[in-house]
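This report concerns only the one structure given below.
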Amino acid sequence: MTPNASGLATSLVQSVDWPAVAPPTIAALTGLAVLVADLFLPERRKPLLGWAAIAGLALAALSLLPLLDGDRSTFCLTTGAHACSYTADTFALVIQFLVLGGALLTALLSFSALEDLELPAGEFWFLLLSSAAGAALLPASRDLATLVIALEVASLPAFALVGLRRGDRLSSEAALKFFLSSVTATAVMLLGVSFVYAATGSLHLSRIAAALTHVDPRLDTLAQAGVVLTLVGFAFKTAAVPFHFWVPDTYVGAPVPVAAYLSVVGKAVGFSGLILVTVLAFPAYGDVWGPAVAVLAALTMTAGNVAALRQRPERAFSAVRLLAWSSVAQAGYLLVPIAAAGYAGSARDASRAIGSTVAYALMYAAVNLGAFAVAALVARTSPANRLTDYRGLYAARPAAALALGFFLLCLAGLPPGVIGLFAKVTVFSAAVDAGLGWLAVVMALNVVVALFYYLQWTAVLFRAPAPAAGAGPAPAAGAGPAPAAGAPAARPAAVPLTAAIGLTAVLGIVLSGAPQLVLRFASGTLL
């Protein structure tokens, strides 16, 4: 080999920064280890797989600590302009913390569901860890190819998790709707990515941003179409209106812990991807996607709150449906600061707006997982999970009722759920600072609408139990036997489930006492 050829070969070889890629790598390797171990463990020792999954997720979260000292990048181009495919910056670390923490709490919720629903343990833990690995990879992705791959690695196992209850009509229908909507989103997104690549000649976000500032006039229409189609694909993933119809049926058909996972981790994946492509790749088109995202935010929060308001308490699975529609409304709130970033006059202002979205997502993750944890507890004795099944919960389970009441008040933004109020004020301020006064008004009206159904559910918890004669309608197919009327029976709660409720409650209380910690943690996360 000649000296020139040797130098060229050396320049094309790079070392991998393994500590930087440790969080998704540890989650993925733990998933493979659990899958292999499932082949050799006897049935009575299958719970060990769950504890191994929890240990792997905890180790992946702890691997974030060495990365706090500064930005680290790997898988970088060795020729030309500096561009990397993986960057462990503050934004990536915060979202990875949210994803891995959400997956860890989901794992705690899942022990009782595996037992009650007779789900295959090995497959469940493998799919959960695989999805978490993809979700942890996505916020660190800095090129469109890695972004799409991470998104699909997070989504594909989630389809199987939704449909894991074999022979259950609701579960199969939910998985099919989720699959079809996600595949449609991916197809649209890939078409948009191909257009962007054709117009700019690069897949790296930083190079795309530079190229879009001076696109060849002959390719300008192609670039605009690519930007729009890419954003439409992410709108599907975030459950923004009008791409939200899969949410309630998917949440109802999925096991409650899986619904909790989709509502928090799935949402974090969609929003982190949307933030990366808008703020890092398409800032030159901020005057186009900014107003579009603002309109999506207004429509999404309104549709979610109105649908949640119309839920009938006696309908089977009405509690899960209400949480599903509530998550759609919360997605609207999360879109507001992203829209504000499109109107930002500087990179610093855009970063501050994105920090508001991240702060709101952290708050929402803690309290929404807590609400689903209590729903999973009630589902053990009332499989239909109606809102009426929560009547008298305080008489049967005082601690669970108080925790759920606190979570609902946080979601509503009322004291003592100060963290919820703080998060909403932060998002509201981002809209006002960006000059989106009309969107701030729409948000304020939606917050008032949401107060009604959150307070209505909270009041039900502390009412006297219903009389024995007041049995509700039979649950839908696959829901199990109808619960007895009156207060939910005091069936012993699994220790991991109790731990999940306790952890989320403590986290919500601590953050309500010092809400500024969330904003400081999330501020300046991008750019």
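Of all non-hydrogen atoms in C410 and M363, the two that sit nearest each other are O-SD, 4.5 Å. The minimum heavy-atom distance linking V99 with A136 is given by the pair CG1-N, 3.9 Å. Looking at every heavy atom in both residues, Q330 comes nearest to L411 through NE2-O, 3.8 Å. Considering every non-hydrogen atom in both V241 and L299, the closest pair reads CG2-O, 3.7 Å. The shortest heavy-atom contact between K267 and T238 is NZ-O, 4.3 Å. When all heavy atoms are compared, the tightest approach of P23 to A20 is CD-O, 3.7 Å.
Using modelled atom types, no side-chain atom of S326 and backbone atom of L322 make a donor-acceptor pair closer than 3.5 Å. Judged by distance alone, the side chain of T213 and the main-chain N or O of A210 form a donor-acceptor pair under 3.5 Å. Side-chain N or O atoms of N368 include none that pairs as donor or acceptor with a backbone N or O of Y364 at under 3.5 Å. Looking at T106, its side chain does come within 3.5 Å of a backbone N or O of G102 through a donor-acceptor pair. The backbone N or O of G332 lies less than 3.5 Å from no partner atom in the side chain of T300, so there is not a single donor-acceptor pair. R142 places a side-chain N or O within donor-acceptor distance of the main-chain N or O of P139, the cut-off being under 3.5 Å. Put simply, the side chain of S155 never gets that close to the backbone of E152: no donor and acceptor are under 3.5 Å apart. Side-chain atoms of S356 never come within 3.5 Å of backbone atoms of A430 as a donor-acceptor pair (strictly under, hydrogens ignored). Looking only at distances, no side-chain donor or acceptor of T504 sits under 3.5 Å from a matching main-chain atom of L369. The backbone N or O of L127 sits nowhere less than 3.5 Å from a side-chain atom of S131 that would complete a donor-acceptor pair.
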**OP:** Show the numbers, then the answer: is there a salt bridge (Lys or Arg N to Asp or Glu O under 4.0 Å) between D249 and R321?
**Re:** CA-CA 8 Å; D249 290 338; R321 284 186 179 276; 3.2 Å; yes
Original post:
What do the steps show when you test T250 against F159 for side-chain contact (heavy atoms from CB on, under 4.5 Å), and what is the final call?
Top reply: CA-CA 10 Å; T250 298; F159 305 151; over 6 Å; no
Original post:
Under the side-chain contact (heavy atoms from CB on, under 4.5 Å) criterion, do F271 and L335 qualify, and how do the steps go?
Top reply: CA-CA 8 Å; F271 276 96; L335 285 169; 3.5 Å; yes
**OP:** Take L64 and L68 through the side-chain contact (heavy atoms from CB on, under 4.5 Å) test and state the conclusion after the steps.
**Re:** CA-CA 7 Å; L64 296 172; L68 297 177; 5.6 Å; no
**OP:** Evaluate side-chain contact (heavy atoms from CB on, under 4.5 Å) for L409 paired with Y454, printing each intermediate quantity in order.
**Re:** CA-CA 7 Å; L409 291 176; Y454 284 130; over 6 Å; no
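In this structure, CG on L276 lies 11.5 Å from OG1 on T146, to the nearest 0.5 angstrom. Rounded to the nearest 0.5 Å, atoms CD (Q456) and CG (L408) are 11.5 Å apart. To the nearest 0.5 Å, atoms CZ (F372) and CG (L109) are separated by 10.0 Å. In this structure, CZ in R397 is found 6.0 Å from OG1 in T381, a value given to the nearest 0.5 Å. Taking CG of N305 as the reference point, atom CE of M443 lies at 10.5 Å (rounded to 0.5 Å). The CG atom of L62 sits 11.0 Å away from atom CG of L57, with the distance rounded to the nearest 0.5 Å.
The one candidate from T230, L137, L138 that meets the side-chain contact (heavy atoms from CB on, under 4.5 Å) condition with L147 is L138.
Y390 and N385 share a donor-acceptor pair across their side chains, judged by distance under 3.5 Å alone. Donor-acceptor pairing under 3.5 Å is lacking for the side chains of D143 and Y86. Side-chain atoms of T87 and S73 include a donor-acceptor pair closer than 3.5 Å. No hydrogens or angles considered: a donor-acceptor pair under 3.5 Å links the side chains of S182 and K237.
Contact annotation: the side chain of L151 approaches that of F234 to within less than 4.5 Å [non-hydrogen atoms, C-beta and beyond]. Two residues are said to be in side-chain contact when any heavy atoms from C-beta on lie closer than 4.5 Å; V306 and T302 meet this criterion. Contact annotation: the side chain of R312 never approaches that of S318 to less than 4.5 Å [non-hydrogen atoms, C-beta and beyond].
Atom OH of Y285 sits in a crowded spot, with more than 12 heavy atoms from other residues, nucleotides or ligands closer than 6.0 Å. Applying the 6.0 Å contact sphere to OH of Y394 captures no more than 12 heavy atoms from other residues, nucleotides or ligands.
For residues 236-263, every residue pair satisfying the ring-ring contact (aromatic ring centres under 6.0 Å, His included) rule, not counting sequence neighbours, is listed here: F178-W246, F236-F243, H244-W325.
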